[in-house]
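Working notes for the structure below.
Residue numbering restarts at 1 for every chain, and letters A, B, ... go by the order of the sequence lines.
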2 protein chains.
Amino acid sequence: MNFEEGKKQFIQTWGKLGSEWGINRTMAQVHALLLIAPKPLSTEEIMEELSISRGNANMNIRDLLGWNLVHKELVPGDRKEYFVAEKDIWEIAKRISRERKRREIEPVKSVLHQLQEVEGDRSKDEVKAFTDMMNQLGGFVDKMDKSVDIMLSSDQSWFFGMLLKLIK
Amino acid sequence: MNFEEGKKQFIQTWGKLGSEWGINRTMAQVHALLLIAPKPLSTEEIMEELSISRGNANMNIRDLLGWNLVHKELVPGDRKEYFVAEKDIWEIAKRISRERKRREIEPVKSVLHQLQEVEGDRSKDEVKAFTDMMNQLGGFVDKMDKSVDIMLSSDQSWFFGMLLKLIK
DNA sequence: CTAAACTTTCAATAATTACTGAAAATTCAA
DNA sequence: TTGAATTTTCAGTAATTATTGAAAGTTTAG
């Protein structure tokens, strides 16, 4: 496969993966493009490469900034903004984990803890099954949460080293 | 909060979490309902509880069967099918991990490996940046994949025990 | 067999989510 | 200041995804 085909396929694949995991396809494609760019890209260049409108490019770039996966870079003597992606994959994984934890896991955690205290006749099957499940889920989410905290304060080789040391 | 409110909120919350992670909201809601049900539910009961159509209920139940999160249960002397969810959260986590690995990670892994071998002038910045990124991503996905394998062959207390032993 | 009970399919439609493009807002060089 | 360059917003539209409901298919009791 040649470079141009490879590039196209990577952008497609990354976009598809994103959308399967609840991330806007175009945002993932902009991310893919920046991941393989050897230099900062302008909004114009992104629009051009992905054949998308200015508004769309702008919104998805802003979102990527919000996820801390991309940052602005100013070129002296140029009014335009340029964008660069974080290139270290472990750092990328951490930033995605940090945001998903903050935006999606923490709120669920808080709801589950509230739901552990519903009032109701505990002799009823329904209520018993409910509170049992809330306790189980609450405990699980807490452990997941702590695991993410550990990952966030680790470096890649230590983290995987520990985890993979245990292969049978 | 009383039981009925709690139930409603759990179904809502689980549905929202699902949709944020790329899973059909209704499928997640059916799952939530079955998670807290003290006994097998029929399609009728699911339609009723969630106010959804028969077709919708049927399709989402089939999907849950495909994820191995729910199984059929036959009641002797009754033509209807009843459905029960796996209730052990670690088992649930494993089954979700297994399916996402199979459906979404493995295909990406295979593409990334192909993309590590694009042909092109390696002295060009573009090509160098591309292959470097593909190598990094390929390595990372391999390690993730192995980590999931370990998780899939572990029990909950061992897995979290190992991971959480290391909190500072 | 037959027909009632039940499940599945799928074309039509609804709901949701994403995108466009042009106007408004902002920035900054002169 | 001014106005050209650039970014942002957002109403309208397009594309995607999910849902309905009725017809077709399947199963089983009698």
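Atom-to-atom, OH of A/Tyr82 to P of D/dA5 comes out at 15 Å; the value is rounded to the nearest Å. A straight line from CG of A/Leu41 to P of D/dT7 spans 13 Å, rounded to a whole angstrom. The distance between atom NZ of B/Lys80 and atom C1' of C/dA5, rounded to the nearest whole Å, is 9 Å. Regarding B/Lys16, its NZ atom lies at a distance of 17 Å from the P atom of D/dA18, rounded to whole Å. With rounding to whole Å, A/Leu74 atom CG is found 16 Å from C/dA29 atom C1'. The interatomic distance linking A/Met27 (CE) with C/dC19 (P) rounds to 12 Å, in whole Å. In this structure, CD of A/Glu45 is placed 15 Å from C1' of D/dT6, rounded to the nearest angstrom. In this structure, the CE atom of A/Met47 is 13 Å from the P atom of D/dT8, given to the nearest Å.
Residues passing the ring-ring contact (aromatic ring centres under 6.0 Å, His included) test with B/Trp90 are B/Phe159, B/Phe160, sequence neighbours excluded. Under the side-chain hydrogen bond (donor to acceptor under 3.5 Å, both in side chains) criterion, B/Arg98 pairs with no residue at all, not counting sequence neighbours.
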**OP:** With side-chain contact (heavy atoms from CB on, under 4.5 Å) as the test, would you mind laying out the steps for A/Tyr82 and A/Lys72 before giving the verdict?
**Re:** CA-CA 6 Å; A/Tyr82 289 81; A/Lys72 270 189 222 182; over 6 Å; no
Using the 3.5 Å cut-off, write out each protein N or O paired with an N or O of nucleotides 25-30 of chain D and the distance between them.
residue, atom, partner, partner atom, Å
D/dT27, O2, B/Arg79, NH2, 2.6

All N/O contacts under 3.5 Å from nucleotides 12-17 of chain C to the protein, with atom names and distances to one decimal?
none

Extract from the structure each pairing of a protein N or O with an N or O of nucleotides 11-15 of chain D at less than 3.5 Å, listing the distance.
none

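Contacts between residues 49-71 of chain A and DNA chain D, defined by a heavy-atom separation below 4.0 Å, involve A/Arg54, A/Gly55, A/Asn58, A/Met59, A/Arg62, listed by number.
The local environment of CE in A/Met59 is sparse, with at most 12 non-hydrogen atoms from other residues, nucleotides or ligands closer than 6.0 Å. For B/Glu48, the CD atom counts as loosely surrounded, since its 6.0 Å shell holds 12 or fewer non-hydrogen atoms of other residues, nucleotides or ligands.
Separation of atoms CG (B/Leu163) and CG (A/Leu163) is listed at 6.5 Å; rounding is to 0.5 Å.
Within the 3.5 Å criterion, the main-chain N or O of B/Glu106 finds no donor-acceptor partner in the side chain of B/Ser110. A donor-acceptor distance shorter than 3.5 angstrom exists from the side chain of B/Glu45 to the backbone of B/Ser42, with no hydrogens or angles considered. The backbone N or O of A/Ile46 lies less than 3.5 Å from no partner atom in the side chain of A/Glu49, so there is not a single donor-acceptor pair.
Nearest approach of A/Leu35 to B/Met133, heavy atoms of both residues: O-CE, 3.5 Å.
Within the structure, a side-chain polar atom (N or O) of A/Thr26 is placed less than 4.0 Å from OP1 or OP2 of C/dC19.
Look at B/Lys80 and B/Glu44 and you find no salt bridge, because none of the NZ, NE, NH1 or NH2 atoms lies under 4.0 Å from a carboxylate O. Using a 4.0 Å cut-off between charged side-chain N and carboxylate O, B/Arg95 and B/Glu99 make no salt bridge.
Taking for each of A/Ile23 and B/Asp78 the nucleotide of DNA chain C with the nearest heavy atom, the 5'-most of the two is the partner of B/Asp78.
Using a 4.5 Å cut-off on side-chain heavy atoms (C-beta onward), A/Asp121 and B/Phe3 make no contact.
A side-chain contact (heavy atoms from CB on, under 4.5 Å) with A/Asp132 is found for one member of A/Lys128, A/Gln136, A/Met134 and no other, namely A/Lys128.
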